Amino acid sequence: MSTPAIAAPRGTRDYLDGDGAALLSCIDIHRRVSSLFGYRHVITPIFEAAELFERGTGTGTDVVEKEMYSFTDRGNRALALRPEGTPGVIRALAADPAVRDIRPYRAQYDGPMFRYDRPQKGRYREFHQVGVEVLGVRDPNIDVEVLHVAWETFSALGIGNVDIRLNSLGSREDRLHYRDELVAYYTPLRDELCEDCRRRLDTNPLRLLDCKTDARHVAAAPILLDGLAADTRTYFHDVQEGLRAEGIPFTVDPRIVRGLDYYCDTTFEFWHSSLNGAQNALGGGGRYDGLAEVLGLPHTPGVGYALGVERLMVIRSELEGIQQGLSPSVLVIALDAESVKHARTCATALRAASVPTALDVAKGKLDRKFRWCERMGVSWCIMCGEDEVRDGQVTLRNLQDRTQERLDMDACIARLAASREE
RNA sequence: GUGGCCAUAGCUCAGUUGGUUAGAGUGCCAGGUUGUGGCCCUGGAGGUCGAGGGUUCAAAUCCCCCUGGCCACCCCA
C-alpha cells in the first residue's frame, strides 16, 4: 500500500475494451482498402537512426527539433523513436535491391509514432498512423490514386464531409525562389507583424502564410502557385483534372505548405469540420521526389499520405451506428462440475462454426453470469446442466428478449451462425 | 515550450466563514430466491480527498510546489 502505483506516461493511453476494438477497426479498414488498390504491407522499425529523420524530415522542422524522442542505446548509437512513417519506409524500400526497381511500388503501413508534444484530445505523445507510399514513379495519375485510396478509406470508415485541401509547392527551385519573394514582401512590413511572424520571417518564411492575426498581410502576399515553372504548373493541373475525373472533391489552398522539409509539387491535407481549429488535420501528405537522395539512396520519386488514427476515432465516436468490433457473441455456461465436458464440446463446435464463444465453467450465480453478458455485449447464452447432458442437448437463451429453448447442438449452431449474418 | 480551467468511492458528483467519524446517487459483493438477470428488501466491501511540503489548536477546504487531465497557443496526426 505504501508504494505509489505506476501510471501510464504522460501523453500515452491504454486502449481497453471498446477502445482497443475501435483502434483496430480503423487500422483494419485501412489495410483492407489499400490492399484492394494493390498496396503491399511494409513493416519497419519503431526506432531508427536519429539521422534518418534529421536528414529526411529536416532539422529545421519542429518535429525533429523540438518533438523527437532521441536517445543513445548501450552501444552509443544515436537513435530516435519514429515521429512519422515515411522516411523509414523510403529507407527500407529504396535501398532494397529486390524491390527498388519495381516501379511503381505500392506500400502501406500502420503503427505507433512518437512526438514529444503537449497532449490534448486527439493529440498524444504516442499515437497511431495509417498511410501509403508509392515509389519509383513521378506521374500525376499516381498522385490522384493516392488521394483516391485516402478517399475510399474515409468512405469505408463512415466519415463523410472530408475537405481535401490541395496545393503545389513546385520544384525545390520554385520553392526557394518563392521563399525569397516572401521575405522580400514581408521584410518592409516587419514592424507591423505579430511576434510569431517576426520569428517566422527569420526561421521559416513559408509558415508566415499560416498566421491568423495578420490575415490582411497574408491576403496580399505573393502566391506560390503564380510563380511555378511551366512544367510543374502543368503537373498540378493534371492532378486536378485527374481528381475531377475520379469524382473526388477538393479545394485548392495556396497556404498548405506542410511542416516537413521533403515535400515538392503536390501537397495536401485532410480537414474535417468536427476537429477544432483550422490547423487540426485528419492527415496529410504529398510528393517527395528528393527524399531518397537526401538519405543517400538512389533517386526515387514518391508520393504518399498519413492519417492520424486517434483523429479518425474522434470523428467516428461522434457518429452513430458504427460497429466497434466483435466481443464474444455467445457465453457457454456449465451449471455444475459434471457438465463441464459437455460445455467444452459445445464451445469448441461453435468456434469451429466461426461463432465467437466464451466459456464459463466457474462457480457462481447464474444471474451474475447473465449480467456479465450484458456488460460485455454478449447477446446469447448456452446453458449446460444435468438435464442437457442427459438428453445431449443445450439450452439456448436469448438475453435480449429473455426467451430460451432446448435444442440439439447442431440446431443451436445453425441458429447462431444464421443470427450472426443478419 | 507559453497561458487558462480542473483533480473527493469503480462512475457522476455534494461537502457551509477551515471544526473533530468525508457523504449521496449509481455500480460492485453477499443474502432474501438450490438452474434464470430489469422491481423490492436487508447487510457488506470500497477513500493515502492526485503527490509532497507549508500555515493553523484544527486543512478535502488557505498557500507553495510537483504530477496528471482538458482548453487555447506553438506545431502537427
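Quick note on labels: first sequence line is chain A, next is B, and so on, each numbered from 1. Here the structure is a predicted model, which means the values were calculated and not measured.
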| With respect to the phosphate group of rA72(B), does any side-chain polar atom (N or O) of Gln120(A) fall under 4.0 Å of OP1 or OP2? |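 Looking at the OP1 and OP2 atoms of rA72(B), one of them is under 4.0 Å from a side-chain N or O of Gln120(A).
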| query | Taking only side-chain nitrogens and oxygens of Arg368(A), does any of them come within less than 4.0 Å of OP1 or OP2 of rC28(B)? | reply |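 No.
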Counting only heavy atoms not in [X], do more than 12 sit closer than 6.0 Å to its [atom1] atom?
X: His148(A); atom1: NE2; value: yes
X: Ile43(A); atom1: CD1; value: no
X: Tyr116(A); atom1: OH; value: no

May I have the distance from [X] (atom [atom1]) to [N] (atom [atom2]), rounded to whole angstrom?
X: Asp401(A); N: rU36(B); atom1: CG; atom2: P; answer: 19 Å
X: Asn398(A); N: rG37(B); atom1: CG; atom2: C1'; answer: 13 Å
X: Arg402(A); N: rC39(B); atom1: CZ; atom2: P; answer: 9 Å
X: Asp360(A); N: rU36(B); atom1: CG; atom2: P; answer: 16 Å
X: Arg10(A); N: rC66(B); atom1: CZ; atom2: P; answer: 12 Å
X: Phe53(A); N: rA77(B); atom1: CZ; atom2: P; answer: 14 Å
X: Glu386(A); N: rG35(B); atom1: CD; atom2: C1'; answer: 10 Å
X: Arg375(A); N: rC28(B); atom1: CZ; atom2: C1'; answer: 8 Å

Report which part of the nucleic acid [X] touches: base, sugar-phosphate, or nothing (heavy-atom distance under 4.0 Å, all strands).
X: Glu65(A); result: nothing
X: Asp336(A); result: nothing
X: Lys365(A); result: sugar-phosphate
X: Gly385(A); result: base
X: Gly11(A); result: sugar-phosphate
X: Leu307(A); result: nothing
X: Asp62(A); result: sugar-phosphate
X: Glu310(A); result: nothing
X: Arg125(A); result: nothing
X: Glu84(A); result: nothing

Any strand counts, and the cut-off is 3.5 Å on both contacts for Watson-Crick or G-U wobble. Which nucleotide pairs with [N]?
N: rA24(B); value: rU12(B)
N: rG1(B); value: rC73(B)
N: rG43(B); value: rC29(B)
N: rG19(B); value: rC57(B)
N: rG37(B); value: none

Could you measure between the two [atom1] atoms, the one in [N] and the one in [M], and give it in whole Å?
N: rG1(B); M: rC66(B); atom1: P; result: 11 Å
N: rC6(B); M: rU21(B); atom1: C1'; result: 29 Å
N: rA51(B); M: rA60(B); atom1: P; result: 11 Å
N: rC29(B); M: rC63(B); atom1: P; result: 41 Å
N: rC64(B); M: rG27(B); atom1: P; result: 41 Å
N: rU67(B); M: rA24(B); atom1: P; result: 36 Å
N: rC13(B); M: rA22(B); atom1: C1'; result: 14 Å
N: rG68(B); M: rU55(B); atom1: P; result: 27 Å

| Nearest-nucleotide 5' precedence on RNA chain B, Gly122(A) against Thr403(A) |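 The residue whose closest nucleotide sits nearer the 5' end is Thr403(A).
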| request: Report the residue (Leu335(A) or Phe270(A)) whose heavy-atom-nearest nucleotide on RNA chain B is the more 5′ of the two. | output: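 The 5'-side residue here is Leu335(A).
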| query | Between Asp367(A) and Lys369(A), is there a side-chain N and carboxylate O pair less than 4.0 Å apart? | reply |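 Salt bridge between Asp367(A) and Lys369(A), a charged N being under 4.0 Å from a carboxylate O: no.
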| request: Name all pairs fulfilling the salt bridge (charged side-chain N to carboxylate O under 4.0 Å, His left out) condition that reach into residues 35-59 of chain A, sequence neighbours left out, sorted by first residue then second. | output: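 Sorted pair list: Glu48(A)-Arg91(A), Glu51(A)-Arg55(A).
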Counting side-chain heavy atoms from CB outward, which of [options] is closest to [X]?
X: Arg123(A); options: rG1(B), rC71(B), rG35(B); answer: rG1(B)
X: Gln129(A); options: rA77(B), rG35(B), rC70(B); answer: rA77(B)
X: Arg371(A); options: rA77(B), rG37(B), rG69(B); answer: rG37(B)
X: Leu399(A); options: rC75(B), rG37(B), rC73(B); answer: rG37(B)

| field | cation_pi(Arg77(A), Phe47(A)) dist<6.0 Å, angle<=45 | value |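 Negative - Arg77(A) is either too far from the ring of Phe47(A) or too far off its axis.
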If you take atom types as modelled and just measure distance, does the side chain of [X] reach the base of [N] with a donor-acceptor pair under 3.5 Å?
X: Arg397(A); N: rU36(B); result: yes
X: Glu67(A); N: rG1(B); result: no
X: Arg118(A); N: rU2(B); result: yes

Do [X] and [Y] have side chains that get closer than 4.5 Å, going by heavy atoms?
X: Leu291(A); Y: Thr86(A); answer: yes
X: Arg106(A); Y: Val132(A); answer: no
X: Asp174(A); Y: Leu169(A); answer: no

